[in-house]
Amino acid sequence: MAENTEEKRSLNFIERIIEDDLASGKHDHIVTRFPPEPNGYLHIGHAKSICLNFGTAEKYGGRCHLRFDDTNPEKEEMEYIESIQKDVRWLGFDWSSHLYFASDYFQQLYEIALLLIRKGKAYVDSLTPEQIREYRGTLTEPGRPSPDRDRPVEENLELFERMKQGEFPDGTYVLRAKIDMASPNLNMRDPALYRIKHASHPRTGDAWCIYPMYDYTHPLSDAFEGITHSLCTLEFEDHRPLYDWATAESEYPHQPRQIEFARLNLTYTVMSKRILLTLVRDGYVESWDDPRMPTISGIRRRGYPPEAIRAFSERIGVAKSNSTVDFALLEHCVREELNKRANRVMAVLDPLKVIITNYPEDQVEHVEAVNNPEDPDGGTRMIPFSRELYIEREDFMEDPPKKFFRLSPGREIRLKHAYYITCNEAIKDESGKITALLCTYDPDSRGGWTEDGRKVKGTSHWVSAPHAWETDVIIYDKLFTQEIPGEHTGSIFDDLNDQSKQVLKGCMLEPSLQEAEPGRYLQFLRKGYFFSDPKLSGPGCPVFIRTATLKDPWSKKMKQQKS
RNA sequence: UGGCCGAUAGUGUAAUGGUAGCACAGCAGAUUCUGGUUCUGUUUGUGAGGGUUCAAAUCCUUCUCGGCCAGCCA
């Protein structure tokens with residue numbers, strides 16, 4: 001059909017495997033899964049995995065399951081189960097009816113454990129955790145068999161039953177796979193399959209006091225669900241032989257295949273759950289969904305659109321080498337999306353009063369403003385203009401450097417959508433601080449242009465003073481000052497950016513903004529992309545936070561010259 | 001000096017024996033009622049040595065560097 005017109009995009013190594021499997025007839029459809037443990041909030045690294053799993057399934061007309069790996073009741077909570085579902089949906093993915101929980105398989109898993117025992121492939125061990133570690137050997141020395149390794153099947157069965165019945169306290173017994181204590185891969189040295197935990201599970205309550213381990217549960221869950229390609233991160237590479245052992249020994253007809261890829265690392269951020277928890281717990285940020293956090297809930301509040309995250313995920317690709325993606329690429333994807341859809345509005349964040357001396361005292365007129373030049377259907381709105389206005393303080397310089405083409409004494413600029421104005425005088429207070437600018441306007445320049453076609457290089461945004469809505473605006477910046485936090489200082493907490501949150505008081509916004517509903521993506525003209533934070537906004541009083549700056553070569557150049 | 005995996009511009013990722021490409025970042029310019037967007041141009045790369053071949057990022061080999069593994073976590 002449209003084959004010729006479509007550019008042939010190169011495949012990543014996972015797609016290559018899938019296409020081979022489809023071509024060879026090994027599979028006629030594919031099934032993937034996203035398997036979070038509900039023990040915390042999802043972050044941008046999980047977003048990569050979500051996009052990869054759901055996106056790949058979508059691409060090949062298959063399906064992707066959302067499965068919670070809830071095998072450790074001590075760490076897991078209902079709250080996380082809900083937030084994770086919300087995050088996946090927000091990213092734009094749909095598991096339809098395929099929502100699963102490893103805990104739903106507890107009975108099935110238990111029965112397979114019985115099978116393994118009967119086959120002589122598993123045994124109940126009474127060694128303590130410390131002893132098991134000793135017996136395991138080291139990276140360079142083989143392990144030794146546990147004294148319980150050759151316990152008779154009947155005895156194993158009986159003990160396992162009693163474990164299940166709750167006869168033993170935590171840690172007294174464990175069910176172990178009987179594989180190879182001399183394997184160079186430590187995961188194969190008789191790994192634990194079941195442990196005793198007298199803990200209440202968020203979903204199964206007190207029905208069980210033995211819980212299966214990840215290495216046992218995960219491959220079998222994949223098998224039960226007919227997962228064809230089980231995508232996980234690199235650190236599970238060493239577990240693959242065990243994954244294959246479990247699916248084979250279970251004698252379950254479907255054999256899934258585990259494929260590992262490199263997890264996402266991003267400059268200027270940390271992805272470790274432990275550190276993120278510390279940031280929240282010790283008050284470095286305000287919450288899990290603090291807009292500075294790399295959590296999905298954080299970036300959602302920050303005003304990053306889900307489409308941008310998906311585009312980002314697409315662009316970073318997927319491979320097997322450890323890598324760290326430039327944060328600038330994420331911001332690029334955010335700007336690219338927001339440029340298309342964010343309406344342009346005017347907000348003066350650091351106001352400087354401008355008085356148009358030749359404009360009638362009580363006159364107010366309304367000028368028409370295009371909402372989004374990138375969107376032909378974006379429409380226009382009317383903005384009040386009057387004798388007294390605010391412009392950005394940084395848009396005026398008394399003694400401007402070269403290439404400064406904003407306002408200064410005797411110079412003319414354009415007020416966006418309105419008129420040309422010329423500055424005549426800067427009013428100062430006793431301390432020498434400029435308090436107001438006296439300007440004149442050209443009545444023939446209404447709308448921001450003139451018949452004579454004279455060039456006006458500078459354009460400023462502005463707000464009519466009597467109509468302005470005065471409010472605070474929150475400016476967020478990177479949480480860390482270093483590309484790799486802690487790389488040089490040894491502690492990521494020494495590299496925190498103490499300027500990561502600033503509340504700007506007394507900002508002057510165009511009046512229509514007071515009506516902005518929560519969750520609006522906006523561009524404050526020349527200042528950046530802003531978002532009405534759904535968490536902080538109330539009816540009639542949206543709270544705007546900065547999502548990202550605009551690219552700004554001028555201020556970058558000024559900063560470079562300073563330093 | 002155990003095992004497994006990896007190494008391509010600054011960053012990320014293609015090229016699977018036949019012209020090393022794309023994106024971001026950087027730089028320079030054009031356009032612009034946002035110093036935004038858009039457009040054009042451009043700097044920079046196959047970790048090292050050896051081998052096979054007419055031809056190697058790609059195959060073989062040695063080395064170097066990096067990551068992961070000794071939870072009854074996932």
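Each chain gets a letter, A, B and so on, in the order the sequences are listed, and its residues count up from 1. We use all heavy atoms of the structure for the numbers below, so side chains are in, but hydrogens, waters and symmetry mates are not.
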Choose from [options] the nucleotide whose nearest atom is closest to any side-chain atom of [X].
{"X": "A/Phe405", "options": "B/rG36, B/rG35, B/rG10", "result": "B/rG35"}
{"X": "A/Trp554", "options": "B/rC73, B/rG35, B/rG36", "result": "B/rG35"}
{"X": "A/Ala319", "options": "B/rG12, B/rU13, B/rU34", "result": "B/rU13"}
{"X": "A/Val174", "options": "B/rC68, B/rC72, B/rU34", "result": "B/rC72"}
{"X": "A/Lys457", "options": "B/rG35, B/rA14, B/rU32", "result": "B/rU32"}

So what does [X] touch, heavy atoms closer than 4.0 Å: a base, only the sugar-phosphate, or nothing?
{"X": "A/Pro553", "answer": "sugar-phosphate"}
{"X": "A/Phe404", "answer": "base"}
{"X": "A/Tyr194", "answer": "nothing"}
{"X": "A/Leu415", "answer": "nothing"}
{"X": "A/Leu329", "answer": "sugar-phosphate"}
{"X": "A/Leu525", "answer": "base"}
{"X": "A/Lys340", "answer": "nothing"}
{"X": "A/Leu127", "answer": "base"}
{"X": "A/Pro35", "answer": "nothing"}
{"X": "A/Tyr211", "answer": "nothing"}
{"X": "A/Val456", "answer": "nothing"}
{"X": "A/Arg406", "answer": "base"}
{"X": "A/His239", "answer": "base"}
{"X": "A/Ser183", "answer": "nothing"}

Considering only the [atom1] atoms, how many Å lie between [N] and [M], rounded to the nearest integer?
{"N": "B/rA70", "M": "B/rA56", "atom1": "P", "value": "43 Å"}
{"N": "B/rC24", "M": "B/rU42", "atom1": "C1'", "value": "16 Å"}
{"N": "B/rG6", "M": "B/rU58", "atom1": "P", "value": "15 Å"}
{"N": "B/rG67", "M": "B/rA74", "atom1": "P", "value": "26 Å"}
{"N": "B/rG26", "M": "B/rC63", "atom1": "P", "value": "42 Å"}
{"N": "B/rA15", "M": "B/rA57", "atom1": "P", "value": "15 Å"}
{"N": "B/rC73", "M": "B/rC69", "atom1": "C1'", "value": "14 Å"}
{"N": "B/rG49", "M": "B/rU64", "atom1": "C1'", "value": "10 Å"}

query: Can a donor-acceptor pair be found between the side chains of A/Arg414 and A/Tyr420 at a distance below 3.5 Å?
result: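 Side-chain D/A pair, A/Arg414 to A/Tyr420: present.
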- prompt: Please walk me through it: do A/Thr450 and A/Asp444 pass side-chain hydrogen bond (donor to acceptor under 3.5 Å, both in side chains)?
  reply: CA-CA 6 Å; A/Thr450 54; A/Asp444 293 333; over 6 Å; no
With a cut-off of less than 4.0 Å, is there a side-chain N or O of [X] near OP1 or OP2 of [N]?
{"X": "A/Lys197", "N": "B/rC73", "answer": "yes"}
{"X": "A/Ser321", "N": "B/rU8", "answer": "no"}
{"X": "A/Lys551", "N": "B/rU37", "answer": "yes"}
{"X": "A/His332", "N": "B/rC24", "answer": "yes"}
{"X": "A/Arg176", "N": "B/rC72", "answer": "no"}
{"X": "A/Arg16", "N": "B/rA15", "answer": "yes"}
{"X": "A/Ser323", "N": "B/rU11", "answer": "no"}
{"X": "A/Arg344", "N": "B/rG36", "answer": "no"}
{"X": "A/Lys556", "N": "B/rG26", "answer": "yes"}
{"X": "A/Arg195", "N": "B/rG71", "answer": "no"}
{"X": "A/Arg136", "N": "B/rC72", "answer": "yes"}

message: Do the side chains of A/Asp442 and A/Arg454 get close enough for a salt bridge, i.e. N-O under 4.0 angstrom?
response: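 A salt bridge is present here (some side-chain N lies under 4.0 Å from a carboxylate O).
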message: What I want to find out is whether A/Glu336 reaches A/Arg315 closely enough, with some N-O distance under 4.0 Å, to be called a salt bridge.
response: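 Looking at A/Arg315 together with A/Glu336, the answer is yes, because their closest N to O distance falls below 4.0 Å.
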- prompt: Between A/Phe160 and A/Tyr110, is the gap from one ring center to the other below 6.0 Å?
  reply: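 Distance test on ring centres: under 6.0 Å, yes.
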Centroid separation A/Phe524 to A/Phe530 less than 6.0 Å: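 Ring centres of A/Phe530 and A/Phe524 closer than 6.0 Å.
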So for [X] and [N], does any side-chain atom that can act as donor or acceptor lie under 3.5 Å from a complementary atom in the base?
{"X": "A/Asp552", "N": "B/rG36", "result": "no"}
{"X": "A/Arg526", "N": "B/rG35", "result": "no"}
{"X": "A/Glu130", "N": "B/rG71", "result": "no"}

What integer distance in Å separates [X]:[atom1] from [N]:[atom2]?
{"X": "A/Ile196", "N": "B/rC73", "atom1": "CD1", "atom2": "P", "result": "12 Å"}
{"X": "A/Arg274", "N": "B/rC73", "atom1": "CZ", "atom2": "P", "result": "18 Å"}
{"X": "A/Lys48", "N": "B/rU13", "atom1": "NZ", "atom2": "C1'", "result": "11 Å"}
{"X": "A/Asp170", "N": "B/rG71", "atom1": "CG", "atom2": "P", "result": "19 Å"}

message: With rounding to the nearest 0.5 angstrom, report the CG to NE2 distance, A/Asn72 to A/His201.
response: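 NE2 of A/His201 is found 8.5 Å from CG of A/Asn72.
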- prompt: Cationic tip of A/Lys320 within the cone over A/Phe261's six-membered ring, i.e. under 6.0 Å and within 45° of the normal?
  reply: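 Pair A/Lys320/A/Phe261 does not count as cation-pi.
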task: Between A/Asp238 and A/Gln523, name the one whose nearest nucleotide on RNA chain B is closer to the 5' end.
output: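 Closest to the 5' end, via its nearest nucleotide, is A/Asp238.
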field: 5'-most by nearest nucleotide on RNA chain B - A/Glu237 or A/Tyr173
entry: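 Comparing both residues, the 5'-ward one is A/Glu237.
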What pairs of donor and acceptor atoms, side-chain ones from residues 210-218 of chain A against any protein atom, are under 3.5 angstrom apart with sequence neighbours left out?
| unit_1 | atom_1 | unit_2 | atom_2 | d |
| --- | --- | --- | --- | --- |
| A/Tyr211 | OH | A/Ala199 | O | 2.9 |
| A/Tyr211 | OH | A/Trp208 | O | 3.1 |
| A/Asp215 | OD1 | A/His239 | ND1 | 2.7 |
| A/Asp215 | OD2 | A/His239 | ND1 | 3.2 |
| A/Tyr216 | OH | A/Leu109 | O | 2.6 |
| A/Tyr216 | OH | A/Ala113 | N | 3.0 |
| A/Thr217 | OG1 | A/Met213 | O | 2.7 |
| A/His218 | ND1 | A/Asp69 | OD2 | 2.9 |
| A/His218 | NE2 | A/Arg33 | NH1 | 2.6 |

query: Going through the checks in order, is the side-chain hydrogen bond (donor to acceptor under 3.5 Å, both in side chains) test met by A/Ser408 and A/Arg411?
result: CA-CA 5 Å; A/Ser408 58; A/Arg411 275 217 235 168; 3.1 Å; yes
